[in-house]
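See structure below.
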Amino acid sequence: MKIGFIGLGNMGAPMAANLAAAGHDVTGFDVAGATAQGMTPASSATEAATGAQVVITMLPNGAILRDVAAEVIPAMPEGAILLDCSTVDVDSARAVADQAAAAGRLALDAPVSGGVGGASAGTLTFMVGGPAEAFETAKPLFDVMGQKAVHCGGSGNGQAAKICNNMILGATMIVTCEAFALADKLGLDRQAMFDVVSTSSGYSWSMNAYCPAPGIGPQSPADNAYQPGFAAELMLKDLRLAMQAAGSADADTPIGQAAADLYAHFVEAEDGKGRDFSAMLPRFEKLTRN
Ligand code: NAD
């Protein structure tokens, strides 16, 4: 396929390189001048989009996505697909989809999980919102860049799935960390706590697959001095998007709000920036009730 790729950062560059390595004709653009292996560089987003059957964007936020979409949609051929893989707010995803539809183009919102490791290895998971026919056309590209793509329904539903998942993840990571810190103070051995909880009703991905306590459970960032992994500031970004969506949809999300507030404090007022999101455990270890 002829693909335009816009946003060649930590995630975009390896995704574009995997598409090129699979034999697709990839033309890419990044404002910072970044490139990717096997790809033809373009001097503007418009140039990358011209003649492309699919234009993929991997950008920092919804405001930038809206700007880039306004620029590239008119340059795309009729019926071409704008495939946004960034994590952005649901409202921006739906606004871009409306704009594409009004111009006779198709749009998919397809945020990912799997991080930079998954982008490089081609093992991302895509959560996809938008028209079914566009999902079918893009399916071979998801298969190159990832291991799984789930069609979640109409436009914006991919972003909705991503932020709901990450709201659960942020909240369960916090409560797993505070439970370990409480167990310490109660004299309960961490390994015993893991052995019980990981096979009892308190189990979760945070406990079982990504245990925040060093030396316990499978290998995780806790075993690597809490180097990310999934950085606390990226978790904060997703929790803020979840709270923004909850505000727009008038949904009551008190635990999501508490998680957003805690990660904001951790990243902005403490030492959380640049650390894995599971570094909440050493944070709680240091704290007392007051
Ligand atoms: P990044 O900052 O490394 O890359 C973003 C790129 O977009 C940069 O190279 C930047 O120069 C470029 N850019 C900005 N404005 C542009 C414009 N107007 N035109 C062209 N290029 C432009 O970020 P990243 O880590 O690659 O993340 C990209 C997206 O993926 C974000 O929405 C992020 O939330 C999401 N995401 C990241 C991860 C991760 O682990 N890094 C995991 C899942 C999802």
Side-chain angles (χ1 to χ4, degrees), residues 4-7 11-12 15 45 49 52 54-74 76 79-115 118-119 124-139 141-142 145-146 148-171 234-253 255-257 259-260:
F5 207 114
I6 300 163
M11 296 290 290
M15 291 163 72
V54 178
V55 174
I56 303 178
T57 46
M58 197 51 172
L59 297 163
N61 59 49
I64 294 175
L65 170 66
R66 286 178 193 240
D67 285 351
V68 169
E71 183 185 338
V72 299
I73 287 171
M76 291 164 57
I81 298 169
L82 179 60
L83 171 56
D84 177 49
C85 297
S86 329
T87 303
V88 304
D89 56 290
V90 174
D91 292 341
S92 289
R94 291 187 172 149
V96 163
D98 288 346
Q99 200 184 350
R105 280 73 168 169
L106 298 163
L108 293 171
D109 53 290
V112 301
S113 76
L124 295 169
T125 295
F126 291 86
M127 297 147 251
V128 190
E133 69 267 32
F135 178 77
E136 288 309 318
T137 307
K139 187 90 184 36
L141 306 184
F142 294 136
M145 296 185 286
K148 189 172 178 188
V150 180
H151 190 215
C152 301
S155 297
N157 284 13
Q159 299 295 349
K162 164 101 186 174
I163 56 173
C164 287
N165 181 73
N166 281 15
M167 186 174 84
I168 295 169
L169 175 61
L234 289 178
M235 173 51 82
L236 175 59
K237 173 187 173 177
D238 292 356
L239 287 167
R240 283 186 165 148
L241 290 174
M243 291 310 99
Q244 187 182 341
S248 307
D250 196 20
D252 186 29
T253 51
I255 302 299
Q257 186 62 56

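Please read all numbers here as calculations on a predicted model, not as lab measurements.
- Taking 4.5 Å as the limit, every side-chain heavy atom of Arg105 sits out of range of all side-chain heavy atoms of Gln99.
- With rounding to the nearest 0.5 Å, the separation of CE in Met76 from CD in Glu71 is 12.5 Å.
- Side-chain contact check for Met58 versus Asp84: every heavy-atom pair is 4.5 Å or farther apart.
- When only modelled atom types and interatomic distance are considered, Asp238 and Thr87 share no side-chain donor-acceptor pair under 3.5 Å.
- Heavy atoms only, all atoms of each residue included: Cys152 and Gly158 are closest at CB-N, 4.4 Å.
- Taking all atoms of both residues into account, the shortest heavy-atom contact from Val90 to Ala160 is CG2-N, 4.0 Å.
- Taking both residues in full, the closest heavy atoms of Val88 and Asn61 are given as CG1-C, 3.6 Å, listed atom of the first, atom of the second, then distance.
- Thr125 is not listed as a side-chain neighbour of Val112, based on a closest heavy-atom distance of 4.5 Å or more.
- Sorted by first and then second residue, the side-chain hydrogen bond (donor to acceptor under 3.5 Å, both in side chains) pairs with a member in residues 155-164 read Arg94-Asn157; sequence neighbours excluded.
- Here the side chains of Met145 and Ile56 are in contact, with some heavy-atom distance below 4.5 Å.
- Here the OG atom belonging to Ser113 is positioned 9.0 Å from the NZ atom belonging to Lys148, to the nearest 0.5 angstrom.
- No side-chain donor-acceptor contact under 3.5 Å links Asn166 to the backbone of Leu169.
- Looking only at side-chain heavy atoms (C-beta outward), Cys85 and Thr57 stay at 4.5 Å or farther from each other.
- What you find for Ala93 and Asp109 is that their closest heavy atoms are CB-CB, 4.0 Å.
- Scanning both residues, Leu239 and Gly256, for their nearest heavy atoms gives CD2-O, 4.4 Å.
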Full working for side-chain contact (heavy atoms from CB on, under 4.5 Å) between Leu59 and Val68: CA-CA 9 Å; Leu59 297 163; Val68 169; 3.8 Å; yes
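- The aromatic rings of His151 and Phe135 lie parallel to each other, their planes meeting at an angle below 30°, with 60° marking the opposite boundary.
- Considering all non-hydrogen atoms of both residues, Ile255 and Ala171 come closest at CG2-CB, 3.8 Å.
- The CE atom of Met235 sits 13.5 Å away from the CZ atom of Arg240 when rounded to the nearest 0.5 Å.
- The closest side-chain heavy-atom distance from Phe126 to Leu83 is not below 4.5 Å.
- Looking at heavy atoms from C-beta onward, Leu82 lies out of side-chain contact with Leu106 at the 4.5 angstrom threshold.
- Side-chain contact between Leu108 and Ile81 is present, with heavy atoms from C-beta onward closer than 4.5 Å.
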